[in-house]
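Just so it is clear: chains get the letters A, B, ... in the order the sequence lines come, proteins before strands, and each one is counted from 1. This one's a predicted model, so the numbers in the text were calculated from it and none came from an experiment.
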Amino acid sequence: MNISIIGTGMTRFGELWKVSLLDLAHEAMDQALENSELLPKDIDALFVGNMLSGILNNQANLGSLLAEHIGTGIPAFYMEGACASGGIALHNAIQSVLSGQNKTVMVVGVEKMTDHSGDDITAGLMGAGSEAERQAGATFPGIYAFMARAYMEQYGVTEEDLAAISVKNHFHGSFNKKAQFRFTITINDVMKSSKIADPLKLLDCSPITDGAAAIIITSKKVSSKKRISITASEVASDTVGLSGRSTFTSLSAVVKAAKKAYHKAKITPKDIQIAEVHDCFSIAEAIAHEDLGFSSPGQATKDIIEGKRTIGTGNLIVNPSGGLKACGHPVGATGIKQIVELTEQLRGDAGPRQVNNAKIGLAHNVGGSGTIAVIHILQNNL
Amino acid sequence: MRNTPVTAWRKQKITAPHIGKQGRILLWTLIRVPSAFFIDQAPYPVVIAEMEDGTREVGQLVDWKQEDLVKNRIVQMVLRKLHSTDKDDIIHYVIKFRPV
């Protein structure tokens with residue numbers, strides 16, 4: 001693919017009561033324009049990733065609403081794919097550029113969650129589950145708790161082993177000035193935190209977050225050192241309900257999308273030096289490492305505990321931003337935030353959390369319980 | 001969950017044939033932080049059960065004790081109220097599991 005990222009923007013992630021959904025999106029969009037040194041008139045189309053604005057904010061038609069900010073009457077598209085809404089928006093933006101319909105496109109992911117109560121948000125998020133799961137009173141922590149129980153049983157992994165994932169991501173998040181949580185935690189902290197859905201505890205779970213992120217991609221030839229290439233963008237889907245799947249310890253949508261992405265980019269998992277993966281829950285990151293080919297089945301937590309995925313000690317650094325767990329998870333923004341983080345890392349602009357000599361990065365964005373997965377591979381060719 | 005008389009009427013045809021079917025617990029969790037509709041029921045277990053015909057179903061476990069939360073516990077599908085509603089709303093019934 002001949003597509004480059006030429007601009008990025010991202011708000012601080014967190015509990016941001018002073019700003020609205022539009023404030024967040026506008027801030028990220030303005031930053032992306034400034035970073036790319038483009039003007040609004042240079043943008044051919046806008047793709048928006050968001051899951052909950054119609055449910056929580058009573059605001060549909062978000063594509064047109066955000067296009068007003070650019071002010072040029074460009075085509076605008078709203079993309080929803082649960083927590084993978086951002087990744088799906090980017091995938092469709094890429095397709096529009098590859099088709100020749102557009103040359104330079106902005107993609108923004110945004111979510112405003114903390115204006116609402118936790119139980120209302122939990123109910124809204126369950127819109128991404130199956131009807132049977134909703135009728136059962138299941139929640140997403142509960143659905144991932146099923147996976148955790150199956151994984152622990154199959155591989156002899158303990159709750160303490162899974163807790164090491166949250167510990168790593170908080171360590172990384174402590175270096176990220178835009179992260180929701182900038183403090184370190186211990187395995188004991190995770191184990192002592194309140195239970196949400198057994199065996200998952202509060203510190204196994206990503207938080208409720210406000211935030212936005214935006215990028216600008218182009219097919220035009222650019223010589224800027226800020227240019228990062230997108231070498232693969234692949235999507236796959238699976239059943240919405242978890243119960244009918246043949247396995248609970250792997251997500252087939254991830255395996256399929258990753259296999260296609262590695263093939264398109266002409267690389268293998270061993271070539272990846274840095275990855276942003278969808279750690280909505282600690283168990284989700286363990287499964288991600290294995291589905292992406294970073295670790296053998298059942299070995300992900302061992303590799304994490306040995307420091308192989310940690311800045312400073314690892315050879316393949318996972319979630320240098322702090323991941324969803326520490327950086328935060330404004331669901332529609334997460335897929336774009338992952339791309340912003342990888343772009344900054346591949347440019348060498350990540351400051352205290354910079355991964356040395358990173359040239360190839362992977363983003364893994366998942367919707368629902370693995371209902372849909374989006375894999376992007378980015379490369380610094382300079 | 002927002003249900004209407006029409007959705008309740010349509011779903012009863014799908015629900016009725018399941019009543020009385022048995023299976024065994026494959027996976028379980030205990031929901032302690034529920035969504036808005038289930039607050040008055042928490043904590044409550046939700047299970048994935050493997051039914052006698054080999055299908056897998058997800059559902060809430062009712063009439064449970066702590067010792068029922070184990071793999072391979074035999075459970076049966078029963079008809080129960082989904083969750084409490086306002087006085088003006090319809091009462092919606094769904095399939096749940098109970099230990100046998």
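When side chains are defined from C-beta on, A:Asp119 does not count as touching B:Ser35, because their heavy atoms never get closer than 4.5 Å. By the 4.5 Å heavy-atom criterion applied to side chains, B:Val33 and A:Thr139 are not counted as neighbours. B:Ile48 is listed as a side-chain neighbour of A:Phe248, based on a closest heavy-atom distance under 4.5 Å. Using a 4.5 Å heavy-atom cutoff, the side chains of B:Lys11 and A:Glu131 are in contact.
Annotation: maximal heavy-atom pairing with chain A below 4.5 Å, among B:Leu69, B:Val46, B:Leu26, B:Val94, occurs at B:Val46. When the candidates A:Gly142, A:Ala148, A:Pro199 are compared by the number of heavy-atom contacts under 4.5 Å with chain B, A:Gly142 comes out ahead. Ranked by non-hydrogen atom pairs under 4.5 Å with chain A, the options B:Thr55, B:Val47, B:Ile95 are led by B:Val47.
Annotation for B:Tyr44 and A:Ala136: closest pair CE1-O, 3.9 Å, computed over non-hydrogen atoms. When every heavy atom of B:Leu82 is checked against every heavy atom of A:Gln135, the shortest pair comes out as CD1-O, 3.2 Å. Contact detail for B:Arg56 and A:Arg245: the closest heavy-atom pair is NH1-O, 2.9 Å. Considering all non-hydrogen atoms of both residues, A:Ala197 and B:Ile31 come closest at CB-CD1, 4.2 Å. Here the shortest heavy-atom pairing between A:Phe146 and B:Val58 reads CE1-CG2, 4.3 Å.
Between the B:Thr29 side chain and the A:Asp198 main chain, a donor and an acceptor come within less than 3.5 Å of each other.
Rounded to the nearest 0.5 angstrom, B:Gln60 CD and A:Glu133 CD are separated by 14.0 Å. For the atom pair B:Phe37 CZ and A:Asp120 CG, the distance stands at 8.0 Å (nearest 0.5 Å).
Heavy atoms of B:Ile39 lying under 4.5 Å from chain A belong exclusively to its side chain. Contact of B:Leu61 with chain A is not made at all, since no heavy-atom distance falls under 4.5 Å.
Other residues, nucleotides and ligands place no more than 12 heavy atoms under 6.0 Å from the CG atom of A:Asn58.
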